[in-house]
Amino acid sequence: MKRGCPCRKLIRTEKQEQEGFSRGVAVAEEEALTKMAAATFYFVKPSCSCTPTIPFLSNSRISSSQIGVGKLQARTIAKAGLSHLLNFVEPASSLQLPLLLQLHEPPNALSLPTWAVHVSSVVEWIIAMALVWQYGEKSGFEAWKGLSWGMVPLLGGALCACTWHFFYNSESLQVLVALQAALTVIGNATMCIAAYRIYKSSRESSENS
């Protein structure tokens with residue numbers, strides 16, 4: 001009676017250990033996917049009182065076809081649970097956005113560049129008034145201070161326009177449009193008078209010198 005070679009027995013033992021290790025890894029992967037799918041369903045529907053039945057595999061001796069089917073089912077459940085989770089989380093996350101991002105302005109609202117032009121124009125006009133006043137003080141020509149006063153009505157008209165645009169051109173504030181037009185006419189007239197006074201003052205000073 002011939003005895004088998006001990007090398008062959010050793011090779012067979014190693015093959016059996018590798019197959020057992022592969023089956024154990026496949027079972028552990030399937031159990032992890034199943035647990036993830038169950039946890040996803042739990043967070044998607046926290047108000048559900050029922051507890052989903054999770055088939056945990058206890059037998060490690062299963063065929064490769066069963067392992068493949070189990071993986072496919074677990075992945076399908078996980079994808080479905082993830083899609084439900086995204087549908088649940090997306091509306092809730094939109095509620096946490098800042099209030100300013102959720103406001104919808106009317107179509108006649110001014111854009112940010114337009115507002116920048118309006119505000120910068122008002123600021124520049126105020127600076128110009130201050131510079132004209134300082135020039136009148138340092139040069140000794142008091143007529144230049146009159147030009148600074150003549151610019152005040154136009155500043156009031158600009159503020160009326162900005163106020164009307166700030167309230168989205170409301171019909172209840174149409175009076176601001178008329179007031180802006182009136183202040184513009186008055187401002188143009190006062191600036192013409194101030195310019196004439198400057199011309200007259202400079203001419204008199206040149207004749208006296």
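Since we're looking at a predicted model, the values are computed, not measured. All residue numbers refer to positions in the sequence shown, counting from 1.
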Does the pair Q180 and W164 meet the rule for a side-chain contact (heavy atoms from CB on, under 4.5 Å), with working shown?
CA-CA 10 Å; Q180 177 196 5; W164 190 54; 5.9 Å; no
The test is side-chain contact (heavy atoms from CB on, under 4.5 Å); show your working for Y168 and N108 and say whether it passes.
CA-CA 6 Å; Y168 305 112; N108 59 349; 4.2 Å; yes
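The distance from the CD atom of E142 to the CZ atom of R197 is 9.5 Å, given to the nearest 0.5 Å. Separation of atoms CD (Q134) and NZ (K145) is listed at 11.0 Å; rounding is to 0.5 Å. Here S121 contributes atom OG and I126 contributes atom CD1; the two are 11.0 Å apart, rounded to the nearest 0.5 Å.
Within the 4.5 Å cutoff, no side-chain heavy atoms of I198 are placed close to those of F141. Contact check for C162 versus V119: no side-chain heavy atoms found under the 4.5 Å cut-off. Residues L183 and L154 fail the side-chain proximity criterion, which asks for heavy atoms closer than 4.5 Å. Proximity of V177 to Q174: side-chain heavy atoms (C-beta onward) are separated by under 4.5 Å at one or more points. Put simply, the side chain of W115 reaches to within 4.5 Å of the side chain of H165, judged on heavy atoms.
Contact record, W144 with G136: CB-CA, 3.7 Å, taken as the closest heavy-atom pair. The two atoms that bring S148 and V132 nearest to each other are N-CG1, 3.9 Å, heavy atoms only. Taking both residues in full, the closest heavy atoms of G150 and M191 are given as O-CG, 3.5 Å, listed atom of the first, atom of the second, then distance.
Transitive grouping of hydrophobic side chains (ILVMFWY, heavy atoms separated by less than 4.5 Å) keeps I186 and W149 in distinct clusters. Cluster membership check: W125 shares its hydrophobic cluster with Y135, using side-chain heavy-atom separations under 4.5 Å among Ile, Leu, Val, Met, Phe, Trp and Tyr. Put simply, M151 and L179 are part of two different groups of oily side chains (I, L, V, M, F, W, Y) that touch within less than 4.5 Å, one to the next. Cluster membership check: F166 shares its hydrophobic cluster with L176, using side-chain heavy-atom separations under 4.5 Å among Ile, Leu, Val, Met, Phe, Trp and Tyr.
Annotation: W133, atom CH2; neighbour count of heavy atoms from other residues, nucleotides and ligands within 6.0 Å is above 12.
Using modelled atom types, one finds no donor on one side chain facing an acceptor on the other under 3.5 Å when comparing S202 with S205.
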